[in-house]
2 protein chains.
Amino acid sequence: MSDSWYTVRLRKNNLRVTNERQLVLSVLDRNHQRHLTVEEIYLQAHDEKPSIGMATVYRAVNLFVQHGILHKFEFGDGKARYEMVPGPEEPGHHHHLICKKCQKILNYDDFMEVERKFLEIVESGLERRYHFRIDDHIIHFYGCCETCADEGS
Amino acid sequence: MSDSWYTVRLRKNNLRVTNERQLVLSVLDRNHQRHLTVEEIYLQAHDEKPSIGMATVYRAVNLFVQHGILHKFEFGDGKARYEMVPGPEEPGHHHHLICKKCQKILNYDDFMEVERKFLEIVESGLERRYHFRIDDHIIHFYGCCETCADEGS
DNA sequence: TTTGCTGCAAATACTTTGCAGCGTT
DNA sequence: AACGCTGCAAAGTATTTGCAGCAAA
């Protein structure tokens with residue numbers, strides 16, 4: 001049955017597809033593109049299965065990051081955040097605008113054609129120049145959101 | 001006297017230019033482009049002034065980040081890293097290649113013309129679309145360095 | 001002199017780990 | 001049955017904070 005791409009990937013690596021791991025993934029899946037902290041994941045999972053422990057959530061997200069199922073982000077507020085990697089050929093790719101004042105995070109997925117062209121040039125250039133195989137990237141913009149700008153300063 | 005751009009910026013905000021703060025800045029300045037951890041900064045500062053405390057270093061870097069004198073980076077290993085913002089119209093702008101296996105970090109400053117053109121389009125587009133004033137960005141590439149690739153996957 | 005800064009130590013916050021029992025394969 | 005996974009509690013790091021004394025303005 002349940003043979004989503006991530007389930008398959010887990011089994012392929014001799015990792016067990018437990019209830020807890022599926023629960024963590026389902027929480028992240030339903031919060032698509034919302035970069036949750038471990039605590040937020042834990043709270044939602046706990047609603048559905050009160051016996052689940054925090055440590056299990058930590059272990060699960062670390063495992064998923066290692067296997068390319070989750071992205072890990074650190075926006076500068078001390079807590080790591082996690083988000084599902086879009087499945088093969090799903091759209092879903094996006095980047096972040098972070099407000100330095102209120103820490104609000106906006107997703108955007110505009111300008112992807114421009115970005116793709118830019119990344120193509122830079123990545124292939126870097127791979128050649130530094131003999132470094134690139135398989136992921138992060139692009140963050142920091143600044144000040146509309147609300148915070150209105151509130152003066 | 002000592003009226004570097006950051007000194008000026010501190011005074012302008014009614015902040016004191018103390019020995020300790022100058023020491024922290026001089027450590028970062030001499031380690032130009034080396035993204036130091038707080039502990040590394042502390043150790044070097046401690047060599048010059050053994051009485052300095054860790055907490056002072058933490059308070060200093062946080063202050064400097066808030067005032068745009070330092071960049072804060074989190075590459076995913078749990079420790080924050082700091083690096084001087086290049087002074088007005090200095091070159092010095094660069095980005096990072098991070099090896100997921102050995103955590104080595106490479107700086108690069110190639111492809112800046114391509115990047116400038118890309119950022120111009122995206123930033124102005126984002127500012128217009130989301131009413132978000134952008135004043136900083138981070139671009140990281142993650143992958144696998146030459147040494148780690150040779151050691152077999 | 002005023003007010004902010006420093007060092008110390010204690011307190012927080014986030015994340016990892018040891019271990020005995022349980023659940024997948 | 002084997003072995004990996006889980007929950008709990010304890011441990012480990014990184015970072016922040018309270019406070020009395022010190023120093024820049």
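Chain letters run A, B, ... following the sequence lines, proteins first, then strands; residues in each count from 1.
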Which nucleotide wins on minimum distance to the side chain of [X], given the candidates [options]?
| X | options | result |
| --- | --- | --- |
| A/R16 | D/dG4, D/dA24, C/dT17 | D/dG4 |
| B/R21 | C/dT24, C/dT6, C/dT17 | C/dT6 |
| A/V38 | D/dA2, C/dA9, C/dT15 | C/dT15 |

Nearest-Å distance for atom pair [atom1]/[atom2], residues [X] and [N]:
| X | N | atom1 | atom2 | value |
| --- | --- | --- | --- | --- |
| B/Q22 | C/dT6 | CD | P | 11 Å |
| B/K49 | D/dA23 | NZ | C1' | 11 Å |
| B/E39 | D/dG12 | CD | C1' | 14 Å |
| B/M54 | C/dT12 | CE | C1' | 16 Å |
| A/I52 | D/dC5 | CD1 | C1' | 12 Å |
| A/L10 | C/dG23 | CG | C1' | 16 Å |
| B/R81 | D/dA14 | CZ | P | 10 Å |
| A/E20 | C/dC22 | CD | P | 14 Å |

Show your working on salt bridge (charged side-chain N to carboxylate O under 4.0 Å, His left out) between A/E146 and B/R128 and close with a plain yes or no.
CA-CA 11 Å; A/E146 204 175 3; B/R128 210 172 317 115; over 6 Å; no
Output yes when at least one side-chain N/O atom of B/T18 is less than 4.0 Å from OP1 or OP2 of C/dT6, else no.
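Yes, B/T18 has a side-chain N/O under 4.0 Å of OP1/OP2 on C/dT6.
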DNA chain C contacts among residues 57-79 of chain B, heavy-atom distance under 4.0 Å:
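Going residue by residue through residues 57-79 of chain B, the ones with a heavy atom under 4.0 Å of DNA chain C turn out to be B/R59.
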Which residue lies toward the 5' end of DNA chain D, B/L15 or B/A55, if each is placed at its nearest nucleotide?
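The 5'-side residue here is B/A55.
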Assert yes or no for the condition that the ring centre distance of A/H94 to A/H35 is strictly below 6.0 Å.
no
Could you tell me whether B/H96 and B/F73 have their ring centroids closer than 6.0 angstrom?
yes
In one Ile/Leu/Val/Met/Phe/Trp/Tyr side-chain cluster, 4.5 Å: A/V85, B/Y142
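As far as the 4.5 Å side-chain criterion goes, B/Y142 and A/V85 are not connected within one cluster.
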For the hydrophobic clusters of this structure (ILVMFWY residues joined by side-chain heavy atoms under 4.5 Å, transitively), does one cluster hold both B/I41 and B/V17?
yes
Determine whether A/K49 and A/E20 satisfy the following criterion, side chain to side chain contact (heavy atoms under 4.5 Å, CB included), listing intermediate values before the conclusion.
CA-CA 9 Å; A/K49 184 177 195 287; A/E20 291 79 2; 3.2 Å; yes
Base, sugar-phosphate, or nothing for B/N19, non-hydrogen atoms under 4.0 angstrom?
sugar-phosphate
For B/N14 and B/S51, take the nucleotide of DNA chain C holding the closest heavy atom to each; which residue's nucleotide lies nearer the 5' end?
B/N14
Inter-residue atom distance A/F111.CZ - B/R129.CZ, 0.5 Å rounding
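That separation rounds to 5.5 Å.
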